[in-house]
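Taking it in order: structure first as structure tokens, then the write-up.
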Amino acid sequence: VGVVLTIYKVANLIGALILPDIETALKIKAAFHNLGPDYKANIHSLADAALAADDDTIAKVNAWLTANGYDPLPADPLKAV
Amino acid sequence: MFRGIDDESKLFRAARVGMAIFACGLALLMYDCGVRHLPGGATAPATRFEQIMAYNAALAQANDGFADNVIALEASGVIAKGSAKSILVEQARIAAADKKITADLQAAANCGLAAAGPSATPAQVSDASALCAKSYAAELQNAVTLITDAIASLNNGLLLPVAEQNRFKLAALLAGIQNLSQQILGTLREYSIVSRAVPVQEVQPWA
């Protein structure tokens, strides 16, 4: 029982420490690995990656807001309060 | 989230080690964005304009990951619904400001490509793009300031209702996003795209 409890504690600790951070780190790594030999392709892929991430953020915030009974974001999210 | 851990002081030390590892990893990845990967495994220095855009993409992705974490923490009951709403709205504001940065940088990059001509080297195109970006200086400065202000309001108030250990982790992620926004601003200043005179608002990630 002691061993199981120790494993449980360690798993809890690892989960608490790593889960929130590793996904962000992997996403950042994916963006940085986009730098290839072609300048024009790099610029376009980095702009596309940024726009995709920003659109995804706004979409998931909107989905969460509406699912939880809040008003969705305004057309310009900068005007959100 | 910390069920089964009796000694919180040990957990706090472990959390700090975890965040330090993450910060080191982020620093290594940011160093890696300073190079372009050539065929055969060789590398060459990335132009400064590529670096700005790489920092910008990384910021957008880090912000996206942050929103994932907030939604997951709310779903598991760690963050109250009202707090999650306030935090997520700020994340959306950061994303909207970053979209303006991306649009301006992309327009400047296209302008630079056209101005430099097809036989220009990447460094020459980068310099031409920086010259074009001066047309968007005010909007770029404003967007970076919006992001800095949003991060400051998160650190100085919106994250405070979150339980301490989770607030530390979220603040560490925010510090990474803040660092990336300052990298963008610093590179824009190196290129004289925006003024060096504008003060930068400091963020206290452990507030």
Side-chain angles (χ1 to χ4, degrees), chain A residues 5-6 8-40 42-65 68-70 73-74 76-81, chain B residues 1-5 11 14-15 18-19 22 25-26 29-30 32-33 35-39 46-47 49-50 53-54 56-58 60-69 71-72 81 84-85 88-89 91-93 95-99 102 105-106 109 113 122 125 146 165 169-170 172-173 176:
Chain A
L5 188 60
T6 302
Y8 172 75
K9 285 181 177 180
V10 169
N12 250 359
L13 182 61
I14 291 171
L17 289 177
I18 292 179
L19 279 178
D21 295 344
I22 199 73
E23 184 181 356
T24 304
L26 290 175
K27 284 183 175 181
I28 291 172
K29 189 172 183 181
F32 286 168
H33 280 192
N34 276 341
L35 288 184
D38 184 75
Y39 176 89
K40 191 174 179 180
N42 287 339
I43 294 296
H44 285 302
S45 71
L46 289 169
D48 288 347
L51 287 174
D54 287 330
D55 285 341
D56 188 51
T57 303
I58 291 169
K60 76 178 57 161
V61 170
N62 250 334
W64 185 91
L65 288 172
N68 286 278
Y70 295 109
L73 294 164
D76 181 1
L78 285 173
K79 293 178 180 168
V81 290
Chain B
M1 181 167 283
F2 299 108
R3 289 187 307 273
I5 303 297
L11 179 61
M19 285 185 290
F22 175 71
L26 186 63
L29 291 171
M30 289 173 69
D32 192 40
C33 99
V35 299
R36 57 174 64 210
H37 298 269
L38 303 175
T47 66
F49 212 78
E50 283 172 308
M53 299 213 55
N56 182 58
Q61 292 177 331
N63 187 48
D64 194 32
F66 187 96
D68 285 335
N69 291 324
I71 290 169
K81 194 169 283 186
K85 187 241 181 191
L88 288 170
V89 166
Q91 302 312 126
R93 288 165 56 84
D98 190 65
K99 284 185 75 170
T102 305
L105 292 178
Q106 193 165 26
L113 281 163
V125 179
L146 281 168
Q165 297 293 346
K169 289 191 289 181
L170 291 173
L173 287 179

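All values reported here derive from a predicted model rather than from experimental measurement. Protein chains get the first letters and strands the later ones, always in sequence-line order, with residue 1 at the start of each.
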Please determine, among A:D55, A:I43, A:D38, the option with the most heavy-atom pairs under 4.5 Å with chain B.
A:I43
Just give me the residue among A:A52, A:A59, A:P77 that pairs up with chain B most often, heavy atom to heavy atom, under 4.5 Å.
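If we count pairs closer than 4.5 Å to chain B, A:P77 comes out on top.
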Applying the side-chain hydrogen bond (donor to acceptor under 3.5 Å, both in side chains) criterion to A:T57, which one of B:D64, B:D98, B:D68 satisfies it?
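It is B:D64; the other options fail the test.
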Examine whether an atom of A:L65 lies under 4.5 Å from a heavy atom of chain B, and if so say whether it belongs to the side chain, the backbone or both; otherwise answer neither.
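Only the side chain of A:L65 comes within 4.5 Å of chain B.
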At a heavy-atom separation under 4.5 Å, does A:L78 approach chain B through its side chain, its backbone, both, or neither?
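Interface part for A:L78: both.
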Interface check, chain A: of B:A67, B:P39, B:A92, most non-hydrogen pairs under 4.5 Å belong to B:A92
Check whether B:A72 gets within reach of chain A through its side chain, its backbone, both or neither, counting any heavy atom under 4.5 Å.
neither
Identify which part of B:L170 has an atom lying under 4.5 Å from any heavy atom of chain A, answering side chain, backbone, both or neither.
neither
Grab the two heavy atoms, one from [X] and one from [Y], that are nearest each other, plus how far apart they are.
{"X": "B:Q106", "Y": "A:H44", "result": "NE2-ND1, 3.7 Å"}
{"X": "A:A50", "Y": "B:A60", "result": "O-CB, 3.6 Å"}
{"X": "B:V89", "Y": "A:A80", "result": "CG1-CB, 3.7 Å"}

What residues, two or more places apart in sequence or in another chain, satisfy side chain to side chain contact (heavy atoms under 4.5 Å, CB included) together with B:K81?
A:W64, A:N68, A:Y70, B:E74
Find the distance between CG (A:D54) and CD (B:Q91) and round it off to the nearest 0.5 Å.
11.0 Å
Mind checking the CG-CZ spacing from A:D76 to B:R93? Nearest 0.5 Å is all I need.
9.0 Å
Quick check: do [X] and [Y] have side-chain heavy atoms less than 4.5 Å from each other?
{"X": "B:L88", "Y": "A:K60", "value": "no"}
{"X": "A:N42", "Y": "B:M53", "value": "no"}
{"X": "B:L113", "Y": "A:Y39", "value": "yes"}

Sequence neighbours excluded, which residues qualify as side-chain hydrogen bond (donor to acceptor under 3.5 Å, both in side chains) partners of A:D48?
none
